[in-house]
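Residues: numbered from 1 along the sequence shown. For clarity, every value in this text was computed on a predicted model and none was experimentally measured.
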Amino acid sequence: CSKGHFRRGAAFSGLVKHKEALAAFCKSFTVSKSDDEREVVAKEIVSTAVKVPGTFFVFCLVLQFCLRLSTWQLQVLSWRQ
């Protein structure tokens, strides 16, 4: 469930364990079922990545790739229907 991973990420972020929080947020992003959930999680990924030295640029690239991939997957699913 994406909400469980999101809560886990929020808990790690509150404990200032930002790397663990990023891992949980990324897992939440991959299992999200709606674009609204992905948008909320994407914002958390970016805001948490800013707090970890040297990861902001890498996570922005990964996030950009994930967003393109999810958009492509949604297009393929709509073509099948």
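- Residues passing the side-chain contact (heavy atoms from CB on, under 4.5 Å) test with Ala24, sequence neighbours excluded: Arg8.
- Applying the side-chain hydrogen bond (donor to acceptor under 3.5 Å, both in side chains) rule to Glu37 yields the partners Ser2; only residues at least two apart in sequence or on another chain are considered.
- Under a hydrophobic clustering in which Ile, Leu, Val, Met, Phe, Trp and Tyr are joined whenever their side-chain heavy atoms come within less than 4.5 Å, directly or via other members, Phe6 and Ile45 fall into the same cluster.
- The shortest heavy-atom contact between Phe25 and Val41 is O-CG1, 3.2 Å.
- To the nearest 0.5 Å, atom NE2 of residue His5 and atom SG of residue Cys26 are 11.5 Å apart.
- Between Ala21 and Gly9, the shortest heavy-atom distance links the atoms CB-O, 3.3 Å.
- The hydrophobic clustering, which links ILVMFWY residues whose side-chain heavy atoms are closer than 4.5 Å, places Leu22 and Val40 together.
- The two residues His18 and Thr48 make their nearest non-hydrogen contact at O-CG2, 3.8 Å.
- Screening residues 40-49 for salt bridge (Lys or Arg N to Asp or Glu O under 4.0 Å) gives Glu39-Lys43 as the qualifying pairs, with residues at least two apart or on separate chains.
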